[in-house]
Amino acid sequence: MRLATWNVNSVKARLPRLLEWLAATGPDVLCLQELKVSAGQFPHEEITALGYEAAVHGDGRWNGVAVLSRVGLADVRTGFDGDPGFPDEAAQETRAVSATCGGLRVWSVYVPNGRTPDDPHYAYKLLWLARLTEALEREPAPLAVCGDFNVAPADDDVWDPAVFAGSTHVTKPERDALAALRERRGLHDIVPRPLKGDRPFTYWDYRAGMFHQNKGMRIDLVYATEPVPSRVTDAYVDREARKGKGPSDHAPIVVDIDL
DNA sequence: ATGTCATCCAGCGGATGA
């Protein structure tokens with residue numbers, strides 16, 4: 001199985017590149033984040049034409065996630081029990097969707113950004129991760145949780161730790177929340193190889209030539225329970241998809257698994 | 001690093017979020 005995840009930063013703006021990438025790369029399952037469309041506006045026709053079914057959770061301008069599959073799409077669930085919402089429980093955002101694809105339970109998640117550690121969105125981010133952890137404990141195996149976690153798990157996962165000192169994505173509470181999520185459900189971090197450079201960054205800010213200088217971050221992650229990690233035959237960040245005209249600011253991760 | 005991008009609402013630019 002070829003499993004992939006990609007924050008496309010608007011499925012509408014990225015559609016030509018997404019379709020081209022799907023045809024060229026041929027993932028069996030693709031998790032998408034930051035669709036920025038309602039479920040009704042999702043380009044189902046174009047995706048279906050390439051042989052994929054899509055489970056979509058989106059409500060408009062922000063967020064939005066999907067699971068695309070060409071190996072079956074069953075037991076689709078949008079959101080999860082305990083999703084805290086912001087600014088209150090009732091204002092749930094479209095940040096998680098899950099489905100069973102070819103025997104694998106797959107989640108596509110878009111963790112809240114957090115903005116700054118003193119912002120209410122930061123507390124929301126930590127609560128959201130805690131509630132996600134609880135929801136994942138109720139999920140069957142084998143399980144893969146893929147997406148934009150908006151946390152760099154270690155200092156090596158940012159281009160210069162000094163630049164990020166004290167800012168969101170690298171704080172201890174965020175990293176602890178991520179570690180708890182992994183440990184409580186037995187999830188393993190499937191670290192992809194970079195196609196260039198020594199570290200598998202997945203995100204580079206649009207500004208200041210950050211991609212060109214490889215000043216990136218590893219904030220998109222693929223977590224999976226055994227036996228998936230021990231059956232990975234290859235995993236890489238497709239930095240080619242970050243190049244050229246009109247890219248997302250994130251690159252896809254591609255994982256090949258001999259299930 | 002704060003150099004861009006996408007979106008919305010209102011209307012061709014500013015606010016918002018990342």
Side-chain angles (χ1 to χ4, degrees), chain A residues 5-21 31-43 46 56-66 84-88 91-96 108-129 146-153 155-171 174 178 197 199 201-221 237 239 241-253:
Chain A
T5 184
W6 193 7
N7 178 326
V8 286
N9 185 17
S10 169
V11 74
K12 204 178 290 183
R14 219 64 59 211
L15 189 59
R17 289 188 67 126
L18 172 61
L19 296 175
E20 186 185 8
W21 186 85
C31 297
L32 295 172
Q33 300 86 35
E34 280 208 82
L35 302 176
K36 297 185 174 178
V37 294
S38 65
Q41 294 170 311
F42 186 84
E46 292 89 337
V56 180
H57 190 31
D59 65 3
R61 184 178 185 183
W62 308 117
N63 313 312
V65 287
F86 187 90
D88 54 67
Q92 292 178 336
E93 300 181 307
T94 56
R95 295 182 176 276
S108 176
V109 300
Y110 177 49
V111 176
N113 175 286
R115 302 188 182 181
T116 57
D118 59 355
D119 192 292
H121 287 87
Y122 178 84
Y124 167 51
K125 179 183 196 173
L126 293 179
L127 180 61
W128 198 89
L129 278 168
C146 313
D148 178 357
F149 284 75
N150 271 315
V151 180
D155 278 352
D156 273 352
D157 294 318
V158 297
W159 63 273
D160 182 358
V163 169
F164 291 90
S167 49
T168 184
H169 293 57
V170 303
T171 66
E174 289 165 275
L178 210 52
R199 288 181 290 174
F201 296 142
T202 63
Y203 163 84
W204 301 261
D205 197 300
Y206 281 125
R207 292 169 286 193
M210 300 292 270
F211 177 69
H212 183 69
Q213 299 167 72
N214 197 27
K215 293 179 174 177
M217 307 171 77
R218 185 172 82 96
I219 55 176
D220 300 271
L221 305 169
V237 180
R239 72 188 300 281
R242 180 63 177 77
K243 292 181 177 177
K245 187 172 159 58
S248 168
D249 43 1
H250 296 250
I253 300 168

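Numbered from 1 within each chain, the chains take letters A, B, ... in sequence-line order.
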Look at the rings of A:F211 and A:W204 and say which category their plane angle falls in: under 30° parallel, 30 to 60° tilted, over 60° perpendicular.
perpendicular
With A:H250 as reference, evaluate A:N9, A:T202, A:D220 under the side chain to side chain donor-acceptor pair (under 3.5 Å) test and give the passing residue.
A:D220
Under 3.5 Å, is there a donor-acceptor pair linking the side chains of A:S10 and A:E34?
no
Heavy-atom closest contact (A:R242 atom, A:A251 atom, distance)
CB-CB, 4.3 Å
When the P atoms of B:dG17 and B:dA1 are compared, how many Å lie between them, rounded to an integer?
25 Å
Separation between the P atoms of B:dG3 and B:dG14, rounded to whole Å
16 Å
For chain A and DNA chain B, what are the first and last nucleotides along the strand, 5' to 3', with at least one atom under 4.0 angstrom from a heavy atom of the protein chain?
B:dA1 to B:dA18
What pair of heavy atoms forms the shortest contact from A:Y206 to A:P247, and how long is it?
OH-O, 2.9 Å
Can you name the closest pair of heavy atoms from A:I219 and A:A152 and give their distance?
CG2-N, 3.9 Å
Sorted by number, residues from residues 5-12 of chain A placing a heavy atom under 4.0 Å from DNA chain B are A:N9, A:S10, A:K12
Can you confirm whether the side chains of A:Y110 and A:T94 place a donor and an acceptor under 3.5 Å from each other?
no
Would you check if the distance from the ring center of A:H121 to the ring center of A:F86 is below 6.0 Å?
yes
Rounded distance in Å between the P positions of B:dA15 and B:dA10:
15 Å
Earlier contact from the 5' end, DNA chain B, for A:K215 and A:L35:
A:K215
Interatomic distance at P, B:dT16 relative to B:dG11, whole Å:
15 Å
Looking across every strand, which nucleic acid part, if any, lies under 4.0 Å from A:Y203 by heavy atom: base, sugar-phosphate, or nothing?
nothing
Pick the closest DNA chain B nucleotide for A:R14 and for A:R115 by heavy atoms, then say which residue is nearer the 5' end.
A:R14
